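Each chain gets a letter, A, B and so on, in the order the sequences are listed, and its residues count up from 1. Predicted model, so just to flag it, every value in this text is computed and none were measured.
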Number of protein chains: 2
Amino acid sequence: MKATDARSLHGQVVRELGTRIVSGELKPGDVLPREDALAESMQVSRNALREALKVLSAKGLIEARPKTGTRIRPRDAWNQLDADVLSWRCATMPTDDFIEKLGEMREIIEPAAAAAAARRRTQTQLARIDTAYRQMEAARDTSEWAVADLSFHNAVLQATGNEMMISLFTVIESVLGMFFVLSAQTAGDFKYSLPHHHKVLDAIRRNQPEVARKAMQAMITDSRANLEKRRKKGVRKAS
Amino acid sequence: MKATDARSLHGQVVRELGTRIVSGELKPGDVLPREDALAESMQVSRNALREALKVLSAKGLIEARPKTGTRIRPRDAWNQLDADVLSWRCATMPTDDFIEKLGEMREIIEPAAAAAAARRRTQTQLARIDTAYRQMEAARDTSEWAVADLSFHNAVLQATGNEMMISLFTVIESVLGMFFVLSAQTAGDFKYSLPHHHKVLDAIRRNQPEVARKAMQAMITDSRANLEKRRKKGVRKAS
DNA sequence: TCGATGCCTTTGTATGATAAATTTTGCTGG
DNA sequence: CCAGCAAAATTTATCATACAAAGGCATCGA
């Protein structure tokens with residue numbers, strides 16, 4: 001769940017090349033310069049560069065072969081659910097299209113997760129969701145709200161007990177991240193979704209899967225509509 | 001989507017250490033031997049080892065810090081949707097619990113994907129699904145059926161046009177892989193799910209999202225029941 | 001024209017050395 | 001005896017260089 005360490009040198013190289021690829025500055029099919037040349041141009045040893053290339057290769061962004069060189073792989077080979085890839089996309093390409101897709105993913109994942117959580121949550125897991133909810137209640141600004149909100153949705157995913165579901169938190173994280181950015185300007189009633197969260201919490205507490213699913217579904221539908229509204233109001237080049 | 005190349009040396013190291021970690025032979029919290037010692041014990045250079053460690057680190061399996069050493073991260077930090085991690089789990093830990101979770105994921109993803117595909121598929125994408133269906137029809141043995149089945153479900157995911165959905169194909173791949181292994185013994189009517197697939201194809205062709213969703217849902221429910229049945233019949237230690 | 005063989009470029013692997021970071025230890029002063 | 005700071009030791013991080021292997025390209029021959 002943790003992004004690659006940006007402090008280390010090869011971490012910086014990963015981030016640099018990764019963003020260049022994801023942003024489209026380096027297109028699929030392009031071949032990178034030779035390793036020693038690229039290493040020199042980035043002011044790192046070939047060794048550090050190679051470690052970075054291996055990481056990018058693990059994310060499906062590139063592929064290296066002797067003699068042929070290292071080339072960018074097609075977009076559908078990328079590990080689109082990787083935490084770094086998602087964050088790089090969010091950082092460089094907040095197109096309407098991408099936001100829409102993120103919302104779609106969320107709408108698939110979270111209601112199902114809420115239902116599963118209502119079915120199988122342990123006492124401890126419920127307590128964690130409850131704690132997050134209270135922190136949302138107590139939040140005094142958008143920043144506090146943001147971390148509490150993330151905690152809430154993370155706790156719901158945790159309560160499913162399905163580790164693959166939990167790994168999908170990276171997607172939810174991206175969605176909420178975009179939302180917070182876009183709603184930072186209109187800092188008015190940032191707690192408006194509290195009732196929705198309460199319904200979800202309550203349904204999970206009472207072990208009512210279908211109620212939890214519907215409540216979560218309603219919350220997300222509302223959230224997407226809200227996002228759409230703010231996006232239209234906000235400053236944008238293309239109409 | 002492609003697993004790490006096992007031909008290269010560091011690829012072998014990744015696989016070796018990865019399976020040892022995922023299988024539980026190396027437990028979370030354990031610290032690996034020092035890099036030079038580990039490199040020597042695995043008969044590779046420290047360089048190749050480090051590249052492997054970086055890849056495992058990118059998958060969230062390990063974390064390295066100076067002086068402290070390299071240690072196995074807790075399971076919920078692992079990138080459970082990574083193609084390699086999934087395949088290593090399938091190879092070493094086909095517990096009932098894990099199969100159940102895979103089925104749950106599939107039941108969440110595929111109906112939603114079918115609905116989205118029915119809504120947005122292009123002509124070309126539909127053609128690809130159709131082609132896969134015909135290959136399933138024409139399959140003469142379980143092996144041919146397996147590749148065609150994978151093609152079909154992959155084509156449906158592709159037709160959603162959502163790249164994150166497409167990346168989830170790794171999960172479906174794992175589920176079907178397990179299914180094929182378990183159903184290899186009873187090679188009787190391997191085409192029994194053909195009508196289900198036809199309904200899905202038809203609904204997607206006619207742009208009927210809810211019909212497609214229900215058809216896919218029915219297919220998966222049936223598939224899970226079937227898997228459960230075979231699993232009980234099969235040779236197992238624990239009842 | 002086709003095919004095989006040798007060369008050449010690029011990634012893959014190995015080795016040794018130095019830097020940086022962090023924990024531990026030990027020293028000093030109160 | 002304890003607190004706090006400084007030095008040391010250990011481990012990863014980075015660098016530099018050399019050689020091996022693989023894959024394409026050209027050349028040469030039939």
Side-chain angles (χ1 to χ4, degrees), chain A residues 2-18 20-21 26-74 77 84, chain B residues 2-18 20-21 26-74 77 84:
Chain A
K2 198 161 113 191
T4 63
D5 189 4
R7 283 168 301 192
S8 64
L9 195 45
H10 63 257
Q12 292 175 13
V13 176
V14 168
R15 189 156 157 272
E16 168 72 15
L17 289 177
R20 284 226 287 241
I21 293 172
L26 295 169
K27 296 182 178 61
D30 288 358
V31 304
L32 296 177
R34 290 205 332 265
E35 284 183 351
D36 48 5
L38 188 55
E40 189 184 16
S41 79
M42 300 190 91
Q43 308 266 345
V44 299
S45 73
R46 189 172 159 231
N47 222 327
L49 174 69
R50 276 184 60 83
E51 288 177 3
L53 291 181
K54 281 285 162 289
V55 171
L56 292 174
S57 187
K59 296 181 189 302
L61 298 189
I62 62 174
E63 185 176 30
R65 305 182 62 179
K67 174 65 182 178
T68 310
T70 303
R71 64 179 54 194
I72 318 289
R73 296 185 64 189
D84 288 318
Chain B
K2 198 161 117 190
T4 63
D5 189 4
R7 283 168 301 190
S8 64
L9 196 44
H10 59 258
Q12 292 176 13
V13 176
V14 167
R15 190 158 156 272
E16 169 73 16
L17 289 176
R20 284 226 287 242
I21 293 172
L26 295 169
K27 295 182 178 62
D30 288 358
V31 304
L32 296 177
R34 292 208 330 266
E35 284 184 350
D36 49 6
L38 188 56
E40 190 184 15
S41 80
M42 299 189 90
Q43 308 265 344
V44 298
S45 74
R46 184 166 164 245
N47 220 328
L49 174 68
R50 275 185 60 82
E51 287 178 2
L53 292 181
K54 282 285 161 288
V55 171
L56 293 174
S57 188
K59 295 180 189 302
L61 298 189
I62 61 174
E63 186 177 29
R65 302 181 60 180
K67 172 67 182 178
T68 310
T70 304
R71 64 180 51 195
I72 318 288
R73 295 187 65 188
D84 287 318

Completion exercise
note: L9(A), atom CG; dA16(D), atom P; distance rounded to Å ~ 11 Å
Practice task
Find the distance E35(A):CD to dA16(D):C1' and express it as a whole number of Å.
Solution key: 15 Å
Handout entry: Phosphate-side-chain proximity, R50(B) and dA13(D), N/O vs OP1/OP2 below 4.0 Å
Key = yes
Practice task
Find the distance R7(B):CZ to dG12(C):C1' and express it as a whole number of Å.
Solution key: 13 Å
Problem - Among dT12(D), dG12(C), dT11(C), the nucleotide that comes nearest once only the side chain of A64(B) is considered - result: dT12(D)
Problem - Atom pair distance, as rounded to whole Å: CG in N47(A) and C1' in dG12(C) - result: 12 Å
Problem - Minimum-distance pair of heavy atoms, taken over all atoms of V55(A) and A58(B) - result: CG1-CB, 3.9 Å
Practice task
Respond yes when some side-chain nitrogen or oxygen of S45(A) is under 4.0 Å from OP1 or OP2 of dC15(D), and no when none is.
Solution key: yes
Practice task
For R65(B), answer base if it contacts any base atom (sugar-phosphate contacts may also be present), sugar-phosphate if it contacts only those atoms, and nothing otherwise; contact means non-hydrogen atoms under 4.0 Å.
Solution key: sugar-phosphate
Problem - Residue closer to the 5' end of DNA chain D, R34(B) versus E51(A) (nearest nucleotide) - result: R34(B)
Practice task
Give a yes/no on whether any side-chain N or O of H10(A) is located under 4.0 angstrom from OP1 or OP2 of dT14(D).
Solution key: yes
Handout entry: Rounded distance (Å) that lies between atom P of dT12(D) and atom CD1 of I62(B)
Key = 11 Å
Practice task
Check for a donor-acceptor pair, side chain of T68(B) on one end and backbone N or O of R65(B) on the other, with a separation under 3.5 Å.
Solution key: no
Problem - Nearest-nucleotide 5' precedence on DNA chain C, T68(B) against G11(B) - result: G11(B)
Exercise for the section: Drop me the distance from L53(A)'s CG to L38(A)'s CG, to the nearest 0.5 angstrom. Expected result: 7.0 Å
Problem - Nearest-angstrom distance from the residue atom CD of E40(A) to P of dA16(D) - result: 10 Å
Practice task
Give the rounded distance in Å between these two atoms: CG of L53(B) and C1' of dT12(D).
Solution key: 10 Å
Practice task
Run the salt-bridge test on D84(B) and K59(B) with the 4.0 Å N-O cut-off and return the result as yes or no.
Solution key: yes
Handout entry: Side-chain donor/acceptor contact of R46(B) with base of dA13(D) under 3.5 Å
Key = yes
Handout entry: Salt-bridge present (R71(B), E63(B); N to O < 4.0 Å)
Key = no
Problem - Distance in angstrom units between K67(A) NZ and dA20(D) C1', rounded - result: 16 Å
